[in-house]
Amino acid sequence: MRVLFMCTANSCRSILSEALFNHLAPQGFEAVSSGSFPKGQVLPRSLTTLQQAGISVDGLSSKGNDAFEDNLPDIVITVCDKAAGESCPVYFGPALKAHWGLEDPSDVVGDEATVDAAFRATLAHIEQRCKAFLALPFNSLSRDELKRELDRIGAL
């Protein structure tokens, strides 16, 4: 199963989600990420946060949705924060779609400790959702049931 985590810039939340999902995922599951308006580079603090958590950053890059036109995902999960007024269009035709909004830790203003805490808190939130996702009984869920479960997880 291929899961695409999508956000506006593909430099923070979607990157953290891709890396953490792949860190936790069993064989047969893969996460990728993209942005509707990719920044072109991953935020260094995103990479540092992942490395400090013992999560590989190999192969992470900021890219647009066109990177997956020839290899469509099964599920698209947007991680933009609606409260921030960001626009996260959802593409990829038949893919199952869900929204797991996250506040952008790169918007946090403060000293290093405050910003680091925001990134760690975001990663912990992503971990909670990814673990809930990976615990789903995929073989016994219909498409509609899976959609409901994805929406439930997005509210965690």
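The basis for the numbers below is simple: all heavy atoms, side chains too, and nothing from hydrogens, waters or symmetry mates.
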(Q) Checking Ser142 against Asp144 for the side chain to side chain donor-acceptor pair (under 3.5 Å) test, could you report, in this order, the C-alpha distance in whole Å, the side-chain angles of both residues, the deciding distance, and whether it holds? (A) CA-CA 5 Å; Ser142 70; Asp144 288 343; 5.4 Å; no

Q.
Is the shortest side-chain heavy-atom distance between Val115 and Pro105 below 4.5 Å?
A.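 Contact flag for Val115/Pro105 side chains = no.
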
**Q.** Test item: Leu20 and Leu123 side chains (from C-beta on) under 4.5 Å apart, heavy atoms
**A.**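 Side-chain contact under 4.5 Å: yes.
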
(Q) Can you confirm whether Glu103 is buried at CD, in the sense that more than 12 heavy atoms of other residues, nucleotides or ligands lie under 6.0 Å from that atom? (A)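 For Glu103, atom CD is not crowded (no more than 12 foreign heavy atoms under 6.0 Å).
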
Q) When you check the gap from the basic side-chain N to the acidic O, do Lys147 and Asp151 get nearer than 4.0 Å? A)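 Counted as a salt bridge, because a side-chain N and a carboxylate O are separated by less than 4.0 Å.
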
Q: Indicate the ring-plane relationship of Phe29 and Phe138, choosing parallel, tilted or perpendicular according to the 30° and 60° boundaries.
A: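 It falls in the tilted class, 30° to 60°.
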
All N/O donor-acceptor pairs, side-chain side in residues 48-58, below 3.5 Å, sequence neighbours left out:
| from | atom 1 | to | atom 2 | distance (Å) |
| --- | --- | --- | --- | --- |
| Thr48 | OG1 | Pro44 | O | 3.1 |
| Thr49 | OG1 | Arg45 | O | 2.7 |
| Ser56 | OG | Asp58 | N | 3.2 |

Q: Going by the side chain to side chain contact (heavy atoms under 4.5 Å, CB included) test, name the single residue among Leu156, Thr78, Leu150 that passes it with Trp100.
A: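 Only one of Leu156, Thr78, Leu150 forms a side chain to side chain contact (heavy atoms under 4.5 Å, CB included) with Trp100, namely Leu150.
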
(Q) Side chains of Ser34 and Asn10: any donor to acceptor distance under 3.5 Å? (A)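 There is no such pair between these side chains.
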
**Q.** Side-chain donor/acceptor of His99 to backbone N/O of Cys80, under 3.5 Å
**A.**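 Judged by distance alone, yes, a pair lies under 3.5 Å.
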
(Q) Tell me whether Arg2 contacts the main-chain N or O of Ile75 through its side chain, where contact means a donor paired with an acceptor under 3.5 Å. (A)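 Side chain of Arg2 to backbone of Ile75, a donor-acceptor pair under 3.5 Å: no, none is there.
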
Q: State which residues pass side-chain hydrogen bond (donor to acceptor under 3.5 Å, both in side chains) with Lys63; sequence neighbours excluded, sorted by chain then number.
A: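 Lys63 satisfies side-chain hydrogen bond (donor to acceptor under 3.5 Å, both in side chains) with no residue once adjacent residues are dropped.
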
**Q.** Exercise: identify the closest heavy-atom pair between Leu134 and Pro26
**A.**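 Nearest heavy atoms, Leu134 then Pro26: CD2-CD, 3.9 Å.
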
